[in-house]
Protein chains: 2
Amino acid sequence: MNTTINDIARLAGVAKSTVSRYLNGGNVSERTKAKIRKVIEETNYEPNSFAQSLKAKKTNFIGVIAPTLDSYVTSTVLMAIDEELRKQDYTTLILSTSKQIDREIESLISLSRQKVDGIILIATGMTEKHIETIQSLHIPVLIVAQEVEQFNCIINDDYQAGFEMGQYVAGKGHQSVAYLGVTKSDIAVGQRRKQGILDGLNQGGANEVKVFQTEFDLQDAARITEELLEHFQPTAIIGATDTIAFGALKTLSRLGKKVPQDISLSGFGGYNISEVIHPALTTIRYNNRETGILAANTIIKMTNEEVVPPLQVSGFSFIEGESVQNLKG
Amino acid sequence: MNTTINDIARLAGVAKSTVSRYLNGGNVSERTKAKIRKVIEETNYEPNSFAQSLKAKKTNFIGVIAPTLDSYVTSTVLMAIDEELRKQDYTTLILSTSKQIDREIESLISLSRQKVDGIILIATGMTEKHIETIQSLHIPVLIVAQEVEQFNCIINDDYQAGFEMGQYVAGKGHQSVAYLGVTKSDIAVGQRRKQGILDGLNQGGANEVKVFQTEFDLQDAARITEELLEHFQPTAIIGATDTIAFGALKTLSRLGKKVPQDISLSGFGGYNISEVIHPALTTIRYNNRETGILAANTIIKMTNEEVVPPLQVSGFSFIEGESVQNLKG
DNA sequence: TATCGAATCGGAACCGGTTCCATTTGTTTG
DNA sequence: CAAACAAATGGAACCGGTTCCGATTCGATA
């Protein structure tokens, strides 16, 4: 079967402690080093990392819990986390919950059983149960994308992003605006971003703003858009995400309404695809790679018991497309 | 610190072998069961899975190597793999290589050190080095998306898909067609799909077909499209992937050419987004979830040393959008 | 009540590493 | 050349589980 450190020791005619020292850079004479090196090369020996972490009480695993893998935002964040962690000799264990909130709890427990050194939770909401579970774990947990008082968090500046978008749309002269938001159990998107948008719109002079609620997916957003247009005729629609905006776009083009001539549209996200869509979508681009890198470095610090700021904010930039019409002059 | 099986045994006043038996369903009397259960509940004990797999020589980890996480296809396949594996009590270890081919080799070795029970490699190409490395591992490896004689593979029916697309486009009366393909080191897309398209076009009567090579990303495809249009005026462009087709679309709309009135366009992939794009892209949708589920079940069989067919093929469907104009009648 | 087999349980070895400690070997210095 | 010290090495314990094996307990039967 697989060669073990005992085999190496036997074949090299030394004690296994000497082999271990050789592998970990202890005091070994050149002569025995050579002997051991030779045997290891001949046998393709690879140390069993389970046995290593059993003694070391450190697995160099970091667990990441993501709501889904097939969204632009999460996968970009995940890629960045993975790359950064690997640079620092950690292995990333990604669990996806398929947006089922109870699977988040389950995943937290499962990861703690795997004895990961730390957990990054890309969250969509945060219940009492989450908080309890995390506190019962004896592992550092970093929350990404939601703000919770009790834990270390990395968030986007959703209020400010929303505010700038609201101000921009209102600044183009849009007075009656529909906002396609999401559940308020999502603090980041459902509460902060929304509040930012409302404040921005208000400050910019929009006086007829209506809020509608949709799921995160394209189909539902398309359906809600259709419904809302039956009793409200805004000059602009703001989607809480780009996907939601695309959903609205789907309905609009089906109804023969042109963007931005007949109605304006904007979103949040900044997917690559947005630039091919005609008209290019006006949106907010979050710096997802930066978020991922920051998350990776933060969780490593946490496992080393260094102090980290409880709340860190990742940046964004405003992308002006052609999807919002200027109603002024 | 963390409670161990020894603590439980001590607190319950039994031997640790009894606790182990309790946990694994051996012969334990009701009375001691109750005692142990009580202690375990009080202490929130979770067995250390490293210690378990050390003895068991089985980790219940399956490693998955993916070229990237931020592509629609890979992330859908990954989600399906992960869900299916979890159902069967396996943990998925996802490594992304950021499209660097040498990191695939590195990842294979790294996963074997983690003693995963099996590896699923979502491949973009297959070199001699890959084959050597895989053979030197003593772990079952399943190749997805590429066909290699030596190993078990799951592929899409790329030739047939290409053929149907070629036939369709030619059938609409397009005689001069540009194909935006990729490197032939990618056997699936770069060779089979291409050959299918060429054969389909040929059989459908297209007589001026030119092949161009691009990277997989949108930007490069946009650039190549611009170049090719300088000395070739096809009535249709076929992209090897939807992303490549979007890249072409970007250039076309920048040059003021309308799809499909001025030029027709099609792709491969079937992303959600394709239906919002106007015009809806004609494309081939692969059944990525099915591929993932099949991959998960196959690798489990392989770890159990069951025989599996060396080559399995996953299906696709033709999606007719509005991006290919009928030049006939 | 003695006997016997099955159920229950504890002790010890094992998985493959790391690390402490004591011993041996080698080198330097007085 | 002996003493003193450092370097090199082997042996044993340990990490936290599982499993084998032998001992004990228990209940049923004769």
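Below, read A as the first sequence line, B as the second, and so on, with proteins coming before strands; counting in each chain starts at 1.
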Exercise for the section: Might you point out which heavy atoms bring A/Leu294 and A/Thr298 nearest each other, and give the distance in Å? Expected result: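 Here A/Leu294 and A/Thr298 meet closest at O-OG1, 2.6 Å.
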Handout entry: Heavy-atom pair of closest approach, residues A/Ile62 and A/Tyr90
Key =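 It is CG1-CD2, 3.6 Å.
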What is the distance, to the nearest angstrom, from the [atom1] atom on [X] to the [atom2] atom on [N]?
X       : N      : atom1 : atom2 : answer
B/Ile5  : C/dG10 : CD1   : C1'   : 13 Å
B/Asn6  : C/dG11 : CG    : P     : 12 Å
A/Arg21 : C/dC20 : CZ    : P     : 11 Å

Problem - 5' priority, DNA chain D, between A/Ala15 and B/Ala51 [closest heavy atom] - result: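 It is A/Ala15, whose closest nucleotide lies nearer the 5' terminus.
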Problem - Set of salt bridge (charged side-chain N to carboxylate O under 4.0 Å, His left out) partners for A/Lys58, sequence neighbours left out - result: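 Counting only residues at least two positions away or on another chain, A/Lys58 forms a salt bridge (charged side-chain N to carboxylate O under 4.0 Å, His left out) with A/Asp117.
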Would you indicate what [X] reaches in the nucleic acid, counting non-hydrogen atoms under 4.0 angstrom: base, sugar-phosphate, or nothing?
X       : value
B/Val14 : sugar-phosphate
A/Asn27 : base
B/Thr4  : sugar-phosphate
A/Tyr22 : nothing

Exercise for the section: Could you tell me whether A/Glu306 atom CD has more than 12 heavy atoms of other residues or ligands within 6.0 Å of it? Expected result: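 Check passes, neighbour count above 12.
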Handout entry: Contacts of type side chain to side chain contact (heavy atoms under 4.5 Å, CB included), residue B/Thr97, not counting sequence neighbours
Key =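 For B/Thr97, the residues satisfying side chain to side chain contact (heavy atoms under 4.5 Å, CB included) (neighbours in sequence not counted) are B/Ile65, B/Pro67, B/Arg103, B/Glu104, B/Ser107.
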Exercise for the section: Could you verify whether a donor N or O on one side chain and an acceptor N or O on the other, from B/His130 and B/Thr133, lie under 3.5 Å apart? Expected result: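 No, B/Thr133 and B/His130 have no side-chain donor paired with an acceptor closer than 3.5 Å.
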Handout entry: Donor-acceptor pair between B/Thr74 and B/Ser71 side chains, under 3.5 angstrom
Key =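 Per modelled atom types, B/Thr74 and B/Ser71 side chains form a pair under 3.5 Å.
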Using a strict threshold of under 4.0 Å (side-chain N to carboxylate O), is an ion pair present between [Y] and [X]?
X        : Y        : answer
B/Lys38  : B/Glu41  : no
A/Lys129 : A/Glu132 : no
A/Glu83  : A/Arg86  : no

Handout entry: Which residue lies more 5' along DNA chain C, comparing A/Lys16 with B/Lys16 via nearest heavy atoms
Key =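 It is B/Lys16 whose nearest nucleotide is closer to the 5' end.
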Handout entry: 5'-most by nearest nucleotide on DNA chain C - B/Ser17 or A/Ser17
Key =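 Checking each residue's closest nucleotide, the 5'-ward one belongs to B/Ser17.
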Interatomic distance, [X] atom [atom1] to [Y] atom [atom2] [nearest 0.5 angstrom]:
X        : Y        : atom1 : atom2 : answer
A/Asn156 : A/Glu147 : CG    : CD    : 12.0 Å
A/Glu46  : A/Asn48  : CD    : CG    : 10.5 Å
A/Thr4   : A/Asn2   : OG1   : CG    : 9.0 Å

Problem - Any B/Ser29 side-chain N or O less than 4.0 Å from OP1/OP2 of C/dT8 - result: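 Negative; the distance criterion is not met.
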Practice task
Could you tell me whether a side-chain N or O of B/Ser49 sits under 3.5 Å from a main-chain N or O of B/Gln52, the two making a donor and an acceptor?
Solution key: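 It does not hold such a pair.
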Handout entry: Five-pair end axes of the helix from C/dT1-D/dA30 to C/dG30-D/dC1, angle between them (10°)
Key =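 One end's axis against the other's: 50°.
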Handout entry: Nucleotide range of DNA chain D lying under 4.0 Å from chain A heavy atoms
Key =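 Under 4.0 Å from chain A, the extent on DNA chain D is D/dA8 to D/dG16.
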Exercise for the section: May I ask you to list the residues of residues 31-40 of chain B, by number, that have any heavy atom positioned under 4.0 Å from an atom of DNA chain D? Expected result: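 Residues of residues 31-40 of chain B under 4.0 Å from DNA chain D: none.
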Exercise for the section: For DNA chain D, find the residues of residues 106-119 of chain A with a heavy-atom distance under 4.0 Å and give them by number; none if there aren't any. Expected result: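 Contacting residues: none.
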